[in-house]
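Each remark here refers to the structure printed beneath this line.
Within every chain, numbering begins at 1; the chains are lettered A, B, ... in the order of the sequence lines, protein sequences first and strands thereafter. Just so it is clear, the model here is predicted, and its values are computed rather than measured. Note: hydrogens, waters and symmetry copies are ignored here, and every other heavy atom, side chains too, is used.
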Amino acid sequence: MRYWLMKSEPSDCSIDDLAALPDQSVAWYGVRNYQARNFMRDQMNVGDGVLFYHSNCKEPGIAGIARVSTTAYPDETQFEFTSKYFDPKATREQPRWYNVEVQLKQKTRLISLQELRAHPELENMRTLQRGNRLSITPLDPVEWQFILDKLVKE
DNA sequence: GCCAACGTTGGC
DNA sequence: GCCAACGTTGGC
């Protein structure tokens with residue numbers, strides 16, 4: 001059992017978009033960064049905890065709690081000519097990109113980036129580090145617990 | 001394998 | 001829209 005923070009641009013898929021989907025779950029397609037891909041492909045398991053984070057928007061921050069609901073399988077968009085995620089170097093035999101699916105557990109109040117930064121307990125969170133751009137980062141279980149116990153419930 | 005050029009991310 | 005920080009690409 002691991003814990004993750006996963007960024008989504010609300011203009012692309014917001015927490016409310018996720019909530020409106022069948023089973024409230026979504027394929028996390030479009031990841032084109034090897035480190036993030038490896039996290040999904042090699043380390044994620046069904047049931048892992050996910051913080052659903054709104055990025056590149058007016059109010060960046062945690063918007064909900066989710067779970068990993070499938071293990072990784074080839075990202076379909078890499079094969080689609082018309083997709084902006086199309087990858088000419090990927091083949092069905094040798095896919096390059098993978099995605100898991102993520103299912104909403106609970107929408108939360110918006111826990112802003114600014115608020116996250118205010119807690120010394122979270123100072124080592126990868127997402128809070130300077131220059132960090134990874135869309136998927138592992139979360140320390142202690143950080144996960146702190147956020148759930150201390151911040152989600154406020 | 002180096003590294004300059006270019007592209008992307010994402011807070012502000 | 002700016003721009004710092006990173007990641008990727010490709011010539012050499």
Side-chain angles (χ1 to χ4, degrees), chain A residues 2-21 25-44 48-68 72-140 142-144 146-148 150-152 154:
Chain A
R2 292 186 168 96
Y3 302 97
W4 308 95
L5 182 144
M6 298 176 77
K7 297 178 187 172
S8 181
E9 302 192 10
S11 61
D12 193 33
C13 179
S14 72
I15 193 81
D16 290 327
D17 295 333
L18 178 59
L21 289 170
S25 47
V26 67
W28 210 266
Y29 61 82
V31 169
R32 295 295 179 266
N33 169 285
Y34 289 105
Q35 239 184 306
R37 177 203 68 181
N38 292 347
F39 285 142
M40 286 199 284
R41 191 190 59 184
D42 305 334
Q43 294 194 35
M44 284 193 184
D48 281 4
V50 173
L51 296 178
F52 190 100
Y53 180 94
H54 281 172
S55 72
N56 198 17
C57 58
K58 196 172 178 185
E59 290 187 298
I62 296 165
I65 313 290
R67 63 189 282 273
V68 174
Y73 58 86
D75 177 340
E76 195 59 31
T77 60
Q78 72 192 301
F79 308 122
E80 295 169 355
F81 273 106
T82 55
S83 170
K84 67 171 175 174
Y85 299 117
F86 176 69
D87 184 342
K89 293 182 181 164
T91 64
R92 295 268 174 197
E93 293 69 33
Q94 282 205 310
R96 182 181 282 200
W97 306 110
Y98 288 79
N99 65 246
V100 297
E101 289 183 22
V102 166
Q103 181 175 39
L104 179 64
K105 289 182 76 170
Q106 174 195 351
K107 186 179 169 180
T108 64
R109 71 188 179 87
L110 199 282
I111 304 165
S112 72
L113 180 58
Q114 193 181 9
E115 181 178 351
L116 293 172
R117 288 197 196 285
H119 295 283
E121 293 89 341
L122 302 177
E123 68 185 358
N124 291 324
M125 263 178 73
R126 297 259 314 254
T127 309
L128 304 188
Q129 303 308 307
R130 185 156 183 265
N132 178 72
R133 304 183 322 180
L134 257 191
S135 63
I136 300 175
T137 50
L139 260 187
D140 189 293
V142 176
E143 294 164 351
W144 165 268
F146 178 83
I147 290 167
L148 259 66
K150 298 287 196 293
L151 304 186
V152 168
E154 272 181 24

Original post:
Considering only heavy atoms, which members of residues 52-65 of chain A lie under 4.0 Å from some atom of DNA chain B?
Top reply: A:Tyr53, A:Ser55, A:Asn56, A:Pro60

Subject >> Interatomic distance where CE belongs to A:Met125 and C1' belongs to B:dG10 [whole Å] >> reply: 15 Å

Original post:
Can you tell which of B:dT8, B:dG10, B:dC12 lies closest to the side chain of A:Arg133?
Top reply: B:dT8

Original post:
Do the non-hydrogen side-chain atoms of A:Glu143 and A:His119 ever get within less than 4.5 Å of each other?
Top reply: no

Original post:
How long is the line joining OH of A:Tyr85 and C1' of B:dT9, in whole Å?
Top reply: 12 Å

Original post:
What is the distance from OH of A:Tyr34 to P of B:dT9, rounded to the nearest Å?
Top reply: 14 Å

**OP:** Please report, rounded to the nearest Å, how far the C1' atom of B:dT9 is from the CG atom of A:Leu134.
**Re:** 11 Å

**OP:** Establish whether the base of B:dT8 is bridged to the side chain of A:Arg32 by a donor-acceptor pair shorter than 3.5 Å.
**Re:** no

**OP:** Figure out the CG/C1' separation between A:Asn33 and B:dG7, and round it to whole Å.
**Re:** 13 Å

Subject >> Salt-bridge contact A:Arg92-A:Glu76 (side-chain N to carboxylate O under 4.0 Å) >> reply: yes

Original post:
More than 12 foreign heavy atoms under 6.0 Å from CD of A:Glu80: is that the case here?
Top reply: yes

Original post:
Between A:Gly131 and A:Lys89, who's closer to the 5' end of DNA chain C by nearest nucleotide?
Top reply: A:Gly131

Subject >> A:Asp48/A:Arg2 ion pair, N-O < 4.0 Å >> reply: no

Original post:
Do the non-hydrogen side-chain atoms of A:Leu51 and A:Leu139 ever get within less than 4.5 Å of each other?
Top reply: yes

**OP:** Could you tell me whether the side chain of A:Val50 reaches within less than 4.5 Å of the side chain of A:Val68, counting heavy atoms only?
**Re:** yes

**OP:** Check whether any side-chain N or O of A:Lys7 sits under 4.0 Å from OP1 or OP2 of B:dT9, and answer yes or no.
**Re:** no

Original post:
C:dC6 C1' sits how many Å from A:Gln129 CD, rounded?
Top reply: 15 Å

Subject >> salt_bridge(A:Asp42, A:Arg37) N-O dist < 4.0 Å >> reply: no

Original post:
Can you tell me how far C1' of B:dT8 sits from CD of A:Glu9, to the nearest Å?
Top reply: 10 Å

**OP:** In whole angstrom, give the distance that lies between atom CD of A:Gln35 and atom C1' of C:dT8.
**Re:** 13 Å

